[in-house]
Asks: 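Right, I'll just put the structure down here and ask away after.
Position 1 is the first residue of the sequence; numbering continues from there.
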Amino acid sequence: MAGSDRTTLRPVGVVVLTRRAEDNAALKTLLETSGLRVLEAPALDIRLRNPDLDEAAALPEYLDAALFASRHGVKGFFAWRATQSHGIPDAPSQVGAVGPATAAEIERYGWPVTEVADPATGAQLAAQLGPKLSPKSRILAVRGSNSRDAASRALAEAGHLIYPLTVYENRAVPVPPIGESVDVAVFASPSAVTRYRRHNPNPPRVGVVAIGTTTAEALRQIGWTPTLARATDTEALGEAVRQLLHRTPK
């Protein structure tokens with residue numbers, strides 16, 4: 001319509017999602033409803049696991065704080081906790097989450113979240129939580145096998161006592177080559193970036209979306225300029241994709 005200020009989609013709107021199908025489901029539906037073509041190329045697989053015996057045995061009788069960096073960590077921790085008859089500390093007074101999606105998952109299990117990192121990074125969570133902790137606080141750090149543990153490292157450097165608990169594994173999977181031109185790809189971890197590029201060396205034509213600053217940095221290191229999603233939830237990711245794919249008519 002002449003004189004309209006509405007935005008329109010690019011003629012081609014092909015988006016690749018690199019998380020597991022179950023993690024992509026809501027975003028895929030949102031993008032397809034917007035008229036985009038969505039392809040899936042999972043670059044990792046997540047498997048919940050019980051912590052190592054030495055990690056579990058090292059847990060103290062009480063905790064001052066707990067750190068959760070992802071929904072996978074939340075699910076793995078509470079799945080394992082449900083199998084233990086005794087010796088597992090109750091919810092501490094401080095519970096920190098990286099991002100609102102992780103916080104919502106924690107509260108589904110009845111633990112109140114006291115701190116949500118904004119922006120959603122481990123370093124930011126440590127910065128927000130640190131001033132609320134007493135010296136040498138006992139902190140549970142729920143993690144995956146490839147976690148970077150930015151929050152727990154920062155808090156350990158500040159003199160706190162960190163108790164890591166590994167409750168899921170990030171496993172490599174074969175990434176399928178994409179046999180058509182791609183406009184946008186969405187990445188949630190540095191390992192996904194590495195695995196995807198190994199089989200799809202050409203960058204997407206329009207851009208890439210990163211979930212988190214560490215993923216954004218991994219994309220920069222391979223020469224792909226990322227758009228950092230403002231949050232980790234479906235709406236924020238859809239917004240980031242649309243920002244890349246929409247244009248204002250002249």
Asks: Quick one: does R143's side chain have a donor or acceptor within less than 3.5 Å of a partner on D149's backbone?
Replies: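 Judged by distance alone, no pair lies under 3.5 Å.
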Asks: Quick check: closest heavy atoms across A216 and P226, and the distance to 0.1 Å?
Replies: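 A216 and P226 have their closest heavy atoms at O-CG, 3.6 Å.
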Asks: Under 3.5 Å, side chain of S137 to main-chain N/O of L133, donor-acceptor pair present?
Replies: no
Asks: Say you draw a straight line from CD of Q84 to CG of L59; how long is it, rounded to the nearest 0.5 Å?
Replies: 9.5 Å
Asks: Search all heavy atoms of A229 against all heavy atoms of V209 and return the closest pair with its distance.
Replies: CB-CG1, 4.3 Å
Asks: Mind checking whether V193 and V175 sit in one hydrophobic cluster, side chains of I, L, V, M, F, W, Y counted as touching below 4.5 Å?
Replies: yes
Asks: Work out which heavy atom in P190 is nearest to a heavy atom in T214; give both atom names and the distance.
Replies: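 That would be CG-O, 3.8 Å.
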Asks: Going by atom types alone, do N170 and S191 pair a side-chain donor with an acceptor below 3.5 Å?
Replies: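 Yes - a donor-acceptor pair under 3.5 Å links their side chains.
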Asks: Which residue, L30, L17, I211, forms the side-chain contact (heavy atoms from CB on, under 4.5 Å) with L237?
Replies: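 Testing each of L30, L17, I211 against L237, the sole residue satisfying side-chain contact (heavy atoms from CB on, under 4.5 Å) is I211.
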Asks: Taking atom types as modelled and ignoring hydrogens, do the side chains of E55 and T166 form a donor-acceptor contact shorter than 3.5 angstrom?
Replies: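 The criterion, which ignores hydrogens and geometry beyond distance, is satisfied for T166 and E55.
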Asks: Are L155 and F68 grouped together when hydrophobic residues (ILVMFWY) are joined by side-chain heavy atoms under 4.5 angstrom apart?
Replies: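 Hydrophobic grouping puts L155 apart from F68.
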Asks: Would you say D233's side chain and E235's backbone share a donor-acceptor pair under 3.5 angstrom?
Replies: yes
Asks: Does either side chain, that of E40 or that of N24, offer a donor lying less than 3.5 Å from an acceptor on the other one?
Replies: yes
Asks: Check whether any side-chain N or O of E169 sits under 3.5 Å from a backbone N or O of G144 as a donor-acceptor pair, and report yes or no.
Replies: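 No.
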Asks: Do R47's NZ or CZ and the ring of Y168 fall within the cation-pi criteria of under 6.0 Å and 45°?
Replies: no
Asks: So which of V142, I139, L125, L67 actually passes side-chain contact (heavy atoms from CB on, under 4.5 Å) with S152?
Replies: L67
